[in-house]
Amino acid sequence: MPSFNLLLLAGDGIGPEVMAEVKRLLGFYAKTGVADFQTEEGLVGGACYDAHKVAITDATMAKAHAADAVIFGAVGGPKWDKVPFEVRPEAGLLRLRKDLSLFANIRPAIVYPALADASSLKREAVDGLDIVILRELTGGVYFGEPKTITDLGNGQKRAIDTQVYDTYEIERIARVAFELARARRNKVTSMEKRNVMKTGVLWHEVVEAVHARDYKDVQLEHMLADSGGMQLVRWPKQFDVIVTDNLFGDMLSDIAAMLTGSLGMLPSASLGEVDAKTRRRKAMYEPVHGSAPDIAGKGMANPIAMLASFGMALRYSFNMGKEADRLDAAISAALAKGLRTADIKSEGCQIVSTAEMSEAVVGELDRLAR
Ligand code: NAD
């Protein structure tokens, strides 16, 4: 039985509730001989601030570096609204992304047939949707310098953010996009604003060059990011893998999220570079949703985003694509039985708790594995 080391960082609010359901899944994999996941746990976010006055400790960061993958819940909540900016709960998440150099953020937007009516778009536009938004996560305008607000002394202020991309940053995210597409429907759509931005010109040029050099077998198209946003809500099924920069990716992935109906359904993966020696890559897996303070402690949280995030770990960190497919099928089967947490409730369906939903998923997994 293969063995892997995980660092579980549950965080705040519903984080620990949905992380408990990952542990249930790990128990199932150990019991059935699929894999032995050794786990360590750590504090992050508000929970870590309460204990150590920082959002993540150096000791936990060392464990994150050593782990085969980090599984992250969610952080934040009104309790920590007034803590100093540098130690706010989100600082823990940002440090993990930065220190582990997790430059590739993969967000699938999948519409399970049973949930097609939960989308704000018509059923025919989203039924069976399965696309991926790949966002560059460690560069661009969120990190570029200078980043300042200057008082001009005449009653005016000037704010500057700087959008910067180097060739290597575009090359490595383009490679991830083409590799992802090869394992899917073999199509990449690259989105930028080369009509008005120099970074867009370089982005386009580098993606073309990487394609011509190593990935001619993959279909590549380019789209201006604003037009891409329009196409995403017009006919999202035209896409397979969308690759874009940090800023556009932030927006386009939220648009794609809403196509699927609920935040409680959306997983994500953030990957670093492959280590030339070990052939392993640093990786963190987390649901897209936050700590949902409004429902925390009530047993109402939808565990599917968290379970599906673990499914992405199976696929991208542990080379267990078949197990990942099976987990997706188990989620789909549990939904098809009419089980729903409150966030995705619809008429004629049975409302279940966090634990009941994941019990049902694990039950379906067991059935599918036989
Ligand atoms: P949120 O994602 O926590 O919640 C938005 C809405 O979606 C709420 O009504 C919530 O009940 C619902 N929701 C979210 N996840 C759900 C789930 N699994 N099941 C059922 N319903 C779910 O976003 P918010 O309310 O804007 O933020 C709350 C806190 O979370 C804030 O402190 C924010 O900073 C933080 N946050 C953290 C992350 C993260 O840890 N990655 C991401 C976003 C927000």
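Residues take their numbers from the sequence shown, with the count starting at 1. Counting convention: from 1, in listed order, for ligands and their atoms alike. Just the heavy atoms: all of them, side chains too, but no hydrogens, waters or symmetry mates, feed the values below.
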Q: Considering only non-hydrogen protein atoms, determine which one is nearest to atom 37 (C) of ligand 1 and report residue, atom name and distance to 0.1 Å.
A: Val75 O, 3.1 Å
**Q.** Residues Phe310, Phe37; criterion ring pair (Phe, Tyr, Trp, His ring centres under 6.0 Å); working and verdict
**A.** CA-CA 12 Å; Phe310 190 75; Phe37 293 102; 5.2 Å; yes
Q: Return yes when at least one protein heavy atom is under 4.0 Å from atom 26 (O) of ligand 1, and no when none is.
A: no
Q. Of the protein's non-hydrogen atoms, which lies at the shortest distance from atom 22 (C) of ligand 1, and what is that distance?
A. Ile295 CD1, 4.0 Å
Q) Just heavy atoms, cut-off under 4.0 Å: does Glu90 contact ligand 1 by side chain, backbone, both, or neither? A) side chain
Q) Which of the atoms in ligand 1, numbered in the order shown and given with their element, are less than 4.0 Å from a heavy-atom of Ala74? A) 40 (O)
Q. What atoms of ligand 1 come within less than 4.0 Å of a heavy atom belonging to Gly76?
A. 32 (O)
Q: Check each heavy atom of Thr341 against ligand 1 and say whether those closer than 4.0 Å belong to the side chain, the backbone, both or neither.
A: neither
Q | atom 19 (N) of ligand 1 - nearest protein heavy atom and its distance | A | Asn302 N, 2.8 Å
**Q.** Salt bridge Arg281-Glu273, side-chain N to carboxylate O under 4.0 Å
**A.** no
(Q) Using a 3.5 Å distance criterion without hydrogens, assess whether the side chain of Thr189 forms a donor-acceptor pair with backbone atoms of Ile242. (A) no
**Q.** Heavy atoms from other residues, nucleotides or ligands near NZ of Lys53 exceed 12 (cutoff 6.0 Å)
**A.** yes
Q) At a 4.0 Å threshold, what atoms of ligand 1 neighbour a non-hydrogen atom of Ala301? A) 19 (N)
Q. For the side chain of Glu136 and the backbone of Gly139, is there at least one donor-acceptor N/O pair under 3.5 Å apart?
A. yes
Q: Could you tell me which atoms of ligand 1, counted from 1 in the order shown, lie closer than 4.0 angstrom to a heavy atom of Glu286?
A: 41 (N)
Q: Could you go through the side-chain contact (heavy atoms from CB on, under 4.5 Å) check for Arg194 and His222 one step at a time?
A: CA-CA 10 Å; Arg194 66 185 181 283; His222 300 275; 4.0 Å; yes
Q | Nearest non-hydrogen protein atom, atom 7 (O) of ligand 1 | A | Leu263 CD1, 3.8 Å
Q: Return yes when at least one protein heavy atom is under 4.0 Å from atom 41 (N) of ligand 1, and no when none is.
A: yes
**Q.** For atom 12 (C) of ligand 1, the protein heavy atom that lies nearest, with its residue and separation
**A.** Ala292 CB, 4.5 Å
Q. Quick one: nearest non-hydrogen protein atom to atom 31 (C) of ligand 1, plus distance?
A. Gly77 N, 4.2 Å
Q: Pull out every atom of ligand 1 sitting under 4.0 Å from any heavy atom of Gly264, numbered as shown with elements.
A: 17 (C), 18 (N)
Q. For Ile149, does the CD1 atom have more than 12 heavy-atom neighbours from other residues, nucleotides or ligands under 6.0 Å away?
A. no
Q: Look at atom 16 (C) of ligand 1 and find which of Ile14, Asp343, Val288 reaches it with the closest heavy atom.
A: Ile14
Q) Any idea which protein heavy atom is nearest atom 44 (C) of ligand 1, and the distance to it? A) Gly290 CA, 3.5 Å
Q.
Counting only heavy atoms from other residues, nucleotides and ligands, does the tally under 6.0 Å from CG of Asn319 exceed 12?
A. no
Q) Below 4.0 Å from any atom of ligand 1, is there a heavy atom belonging to Asp294? A) yes
Q: Look only at interatomic distance and state if Pro293 has a nitrogen or oxygen under 3.5 Å from any nitrogen or oxygen of ligand 1.
A: no
Q | Nearest-contact summary for atom 29 (C) of ligand 1 - protein heavy atom, Å | A | Ser291 OG, 3.3 Å
Q | Residue pairs, two or more places apart or on separate chains, that pass side chain to side chain donor-acceptor pair (under 3.5 Å) and touch residues 243-258 | A | Arg107-Ser253, Arg107-Asp254, Arg135-Asn246, Tyr142-Asp250, Gln163-Asp245
Q | Which segment of Val18 sits under 4.0 Å of ligand 1 when only heavy atoms are counted | A | neither
Q) Less than 4.0 Å between a side-chain N and a carboxylate O, is that true for Asp366 and Arg370? A) yes
Q) Would a search of protein heavy atoms around atom 2 (O) of ligand 1 find one under 4.0 Å away? A) yes
Q. Which pairs with one or both residues in residues 227-243 pass side chain to side chain donor-acceptor pair (under 3.5 Å), sequence neighbours excluded?
A. Arg184-Asp240, Gln231-Arg234, Gln231-Gln238
Q | N-O pairing of Asp161 and Lys147 below 4.0 Å | A | yes
Q | Backbone N/O of Leu94 and side chain of Lys98: donor-acceptor pair under 3.5 Å | A | no
